[in-house]
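What follows is one structure encoded as structure tokens, with my remarks underneath.
In listed order, ligands and their atoms are each counted from 1. Below, each value reflects all heavy atoms present in this structure, side chains not excepted, and no hydrogens, waters or symmetry copies.
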Amino acid sequence: MPRTLSQKAAGALASSRLLRRGQTLYAENQNNWYLPLSRADKLKSGLWLILHDYSRGVFPPQFLDQQKAYQDEKNYRFSIPGITAAEVSRNNMTKPFWRGNSLQMYLAHFCRIVRCLEGAGVQPPAKVLELGCGGGWASEFLATIGYDVCGTTISEDDITDAHRRVKSLEARGLPSTLKFAASPMESVHTVVPPGTFDAVFIYEALHHAFDWRASLHSSYACLKPGGWMLVCNEPNVLHTYISYRVARLTNTHEIGFSKKELIAELRQAGFRNISSSGPKFHWWFSPHWLLAQK
Ligand SMILES: C[S@@+](CC[C@H](N)C(=O)[O-])C[C@H]1O[C@@H](n2cnc3c(N)ncnc32)[C@H](O)[C@@H]1O
């Protein structure tokens, strides 16, 4: 029930004719992940949902229960509307070779990660740790180049998928330096050998962590002295709003960061030589790319 005046106003707006289309689209989207939505449709359904949830006191989302947050992330493949877990697994195995603009974007991002590593002097066969690796595509690509890679993520099912990539390298006769392990990134230093990695990178996953601050501290513990932390394509502040519809549909954690808070926490964790290679403009929209040294 709306409590404050602003919640009452949001509730009234959400149930007005103005946003009826948004409500209908969201209801359809709840049954069909692939519902074709134009930008305007996404805006309407997202706006309706935010106002609706704000009026009920559940927006902005609060993540207070670690075990629930972990379980929700692990359940991701079982919670996407209209998609089976087997399809999610197939998607994991084909990533980044997805249709549309995704392929170009993921490959460009991968090249950027490699450039960041090389720019920091981290060359194969250096030891690299990935956090939130999903189905492990970026870890596999780095291992193909010759890095000694360990991919980690919270979902054991993702790790089962990712292990097939190790077999794929072996089948191609490439020396298998690729490993995967299930671990929350908040405590990854308790699962992998701490103080042994030349670089830790996280790509589009820090914003899913229950406690992103603890994740940066745990990354620090994994690195050798002088090792490098790469924060890659993590969303800017408006992501909390822009991705709220997706977060609600999949029951996962979608938040955005300001560059200021990311840099402050990296410093707090003990990192130095912190630099940003983006964004220069569009402060609230463009994702972050940060490099920091232990
Ligand atoms: C958007 S996906 C990105 C996956 C991967 N980086 C990629 O490019 O395919 C976010 C990933 O973070 C993982 N994740 C969520 N919370 C986590 C946590 N607390 N610790 C480790 N991984 C987590 C999810 O299971 C998922 O694999």
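Listed as neighbours of ligand 1 are Tyr70, Glu73, Lys95, Glu130, Gly132, Cys133, Gly134, Trp137, Thr153, Ile154, Asp158, Ser183, Pro184, Met185, Glu186, Tyr203, Glu204, Ala205, His208, Ala209, each bearing a heavy atom under 4.0 Å from the ligand.
For Arg272, the CZ atom is densely surrounded, since the number of other residues' heavy atoms within 6.0 Å is greater than 12.
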Could you pull out all donor-acceptor pairs under 3.5 Å where a side-chain atom in residues 105-114 meets a protein atom, sequence neighbours excluded?
residue : atom : partner : partner atom : Å
His109  : ND1  : Tyr203  : OH           : 2.7
Arg112  : NH2  : Ser277  : O            : 2.7
Arg112  : NH2  : Ser277  : OG           : 3.3

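Counting only residues at least two apart or on different chains, the side chain to side chain donor-acceptor pair (under 3.5 Å) pairs with a member in residues 24-40 are Asn29-Arg245, Ser38-Asp41.
Relative orientation of the Tyr220 and Phe271 rings is perpendicular, given thresholds of 30° and 60° on the angle between their planes.
Here the closest heavy-atom approach between residue Val188 and residue Ser183 is recorded as CA-OG, 3.4 Å.
Clustering of Ile, Leu, Val, Met, Phe, Trp and Tyr side chains at separations under 4.5 Å leaves Phe78 isolated, with no partner residue.
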